[in-house]
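The structure appears below as structure tokens.
Every number for a ligand or one of its atoms is a count from 1 in the order of the listing.
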Amino acid sequence: MDKNIFKIKKHILNLCKYNFLLIQKKYKKAIAEYLNVDSTQISLYWRGRVGLYCILKAMDVQPNDEVILPAFTCVVVPSAIKYLGAKPIYTAIDPTTYNIDIKKLEDKITLKTKVILAQNTFGLSSDLDPILALGKKHGIKVIEDCAHGFGGSYRERKNGTSATAAFFSSQWNKPFSTGIGGIVLCNDLVLAKKIQTVQESLESPSFKDEIMLATQIFIRKNILRPSIYWAALKVYRWASQHGFISGSSDAGELENAIMPPNYLKAGANIQAKKGLEALQHFGKNLAHRKEVATLYNNAFARLNIEPVYCSEYATHTFIKFPFLVKDQEAFLKLAQQNQIPLGDWLNSPIHPIRKNLERWDYDEGSFPLSEKIGYHILNLPTDESIPIKEAKRIILFLEKNKDELVRSWKELS
Ligand SMILES: Cc1ncc(COP(=O)(O)O)c(C=O)c1O
């Protein structure tokens, strides 16, 4: 009897595993088809940051190697570099694009530089060709941080397809969401195999991880509305800080650059399932973001405030619509009183860290422009949870506060 139960259990587990592999395979194929690459170039992760860590590891980044990154990013990026013992070297950003200032990049290159990270901030690709040319000149690999940029393009090339490798995030606020999640695309087939080997050494998400994430996705889809945004945000931050849910970061990740337990996790079944669903209507999702961003851009133009930069070399995914205010805290409070779902993203050169930045090798005061932007930036939502009617309500709120916005623009630009 016991033997039979054991056999049935084993059979069920094998079936789950088979189903798991099958759905991951389908998801990789769908991503590969979208990006017009081969599915062997794609690998899946619990979070984007884990994908970055695995690329760096497969590139053989060693202790004391240097990795250049923009001084306007998410803290998990320098953390992934530091987990390998390497050194993050911050470089200045251009305040118009929020991406690397190419004029200042070469100065940061030394004999120890192994990688340059080019970011798609808020969905706008870096101007990649000059960065790739610099990389080639100095024998340095370039990785595209496409955490914000799935679906955009650079000079007609899909984001992620131009550099040696790229990683994408499918966390809540990203172009499409699987709750949390990461994808790596590697354009060098030899390196892609190495990355695959590193990925296969990762732990698989547990049953509890899958259930927790599935519950969060359900709540977000069925309960979260712009009207309860602020209350939900409070609950979300509290619950993720206390480890009850898989938030943007575990509490420890925001305290220091020591790899937290269970960091090295591969992609989950639930992420593949949700990713496949999201990709089916991804075109509609992107079109909505662009429509909402155009409404915001037009509203700012009516106030004579320079709108968000849209380059001729890249298509923007507009995952958030940034603007600057003089008093970030006061404006957030006002937004909360009016039930306007505003974000303060990226509120520091290594968001969301505002104290002890040296723990990530960032010297306070070293990039005053990035720090200034961090203290004055806010952003408007563009995703499908914001129907056009809601976007128009947000615009009315902006127009009501036009004096503050215009004054801020004049003083800060
Ligand atoms: C610029 C940037 N890079 C990387 C990441 C990491 O992505 P993930 O949260 O999937 O690890 C983020 C997260 O928001 C980000 O903003």
Side-chain angles (χ1 to χ4, degrees), residues 31 43-56 67-83 88 90-91 93 97-100 115-126 143-150 152 159-160 163 165-185 202 205 209 213 216 236-237 240 245-250 252-254 257 259-260 262-268 271 274-275 278 317-320 322 343-353 360 362 370 373-374 377 379 383:
I31 298 164
S43 46
L44 305 172
Y45 302 82
W46 181 240
R47 294 178 191 272
R49 66 201 76 174
V50 186
L52 168 63
Y53 174 90
C54 292
I55 302 174
L56 295 171
V67 176
I68 299 179
L69 72 169
F72 195 61
T73 187
C74 178
V75 69
V76 300
V77 176
S79 286
I81 297 166
K82 284 182 70 67
Y83 295 164
Y90 299 93
T91 191
I93 59 156
T97 64
Y98 303 105
N99 284 329
I100 282 180
V115 172
I116 299 170
L117 268 169
Q119 190 168 290
N120 301 171
T121 318
F122 302 124
L124 178 71
S125 170
S126 291
I143 299 174
E144 250 190 285
D145 177 346
C146 292
H148 305 182
F150 190 94
N159 282 351
F167 69 99
F168 302 92
S169 171
S170 54
Q171 185 250 13
W172 303 112
N173 284 316
K174 302 306 185 318
F176 75 89
S177 172
T178 60
I180 52 176
I183 301 158
V184 164
L185 160 63
L202 302 177
D209 289 331
L213 191 54
Q216 280 171 244
Y236 174 76
R237 283 186 177 157
S240 63
I245 58 165
S246 304
S248 307
S249 291
D250 297 339
E253 285 184 281
L254 305 182
M259 187 190 284
N262 308 320
Y263 173 87
L264 293 174
K265 246 185 254 176
Q271 292 170 324
K274 291 293 153 194
T317 59
F318 288 110
I319 65 162
K320 294 280 171 193
D344 62 347
W345 215 43
L346 305 168
N347 67 13
S348 142
I350 47 171
H351 178 90
I353 306 299
W360 287 269
Y362 181 91
S370 299
I373 293 175
I377 199 161
N379 38 68
D383 61 279

(request) Kindly state whether the ring of Tyr263 and the ring of Tyr83 have centres lying under 6.0 angstrom apart. (result) yes
Looking only at distances, please establish whether an N/O atom of ligand 1 is found under 3.5 Å from an N/O atom of [X].
X	result
Val76	no
Ser169	yes
Arg47	no
His148	yes
Gln171	no

Closer than 4.0 Å to some heavy atom of [X] - which atoms of ligand 1 meet that?
X	answer
Asp145	1 (C), 2 (C), 3 (N), 4 (C)
Gly181	10 (O)
Val77	3 (N), 4 (C)

Test item: [X] side-chain N/O and [Y] main-chain N/O as donor-acceptor pair under 3.5 Å:
X	Y	result
Ser169	Arg49	no
Ser370	Ala71	yes
Asn99	Thr121	yes
Asp145	Leu117	no
Gln271	Ile180	yes

(message) I'd like to know if Tyr45 contacts ligand 1, where contact means a heavy-atom distance under 4.0 Å to any ligand atom.
(response) no
(message) Heavy-atom contact check, 4.0 Å cutoff: does Ser170 meet ligand 1?
(response) no
(request) Could you verify whether a donor N or O on one side chain and an acceptor N or O on the other, from Ser79 and Glu253, lie under 3.5 Å apart? (result) no
(request) Have a look at Arg49, Lys174, Gln119 and point out the one with the heavy atom closest to atom 13 (C) of ligand 1. (result) Lys174
(message) Starting from atom 12 (C) of ligand 1, what is the nearest protein heavy atom, named by residue and atom, and what distance separates them?
(response) Cys74 CB, 3.7 Å
(request) Could you find the nearest protein heavy atom to atom 5 (C) of ligand 1 and give me its residue, atom name and distance? (result) Ala147 CB, 3.7 Å
(message) Working to the nearest 0.5 angstrom, can you tell me the gap between Tyr45 OH and Leu264 CG?
(response) 11.0 Å
(request) Measure across Gly48 and Phe167 and return the closest heavy-atom pair with its distance rounded to 0.1 Å. (result) O-CD1, 3.5 Å
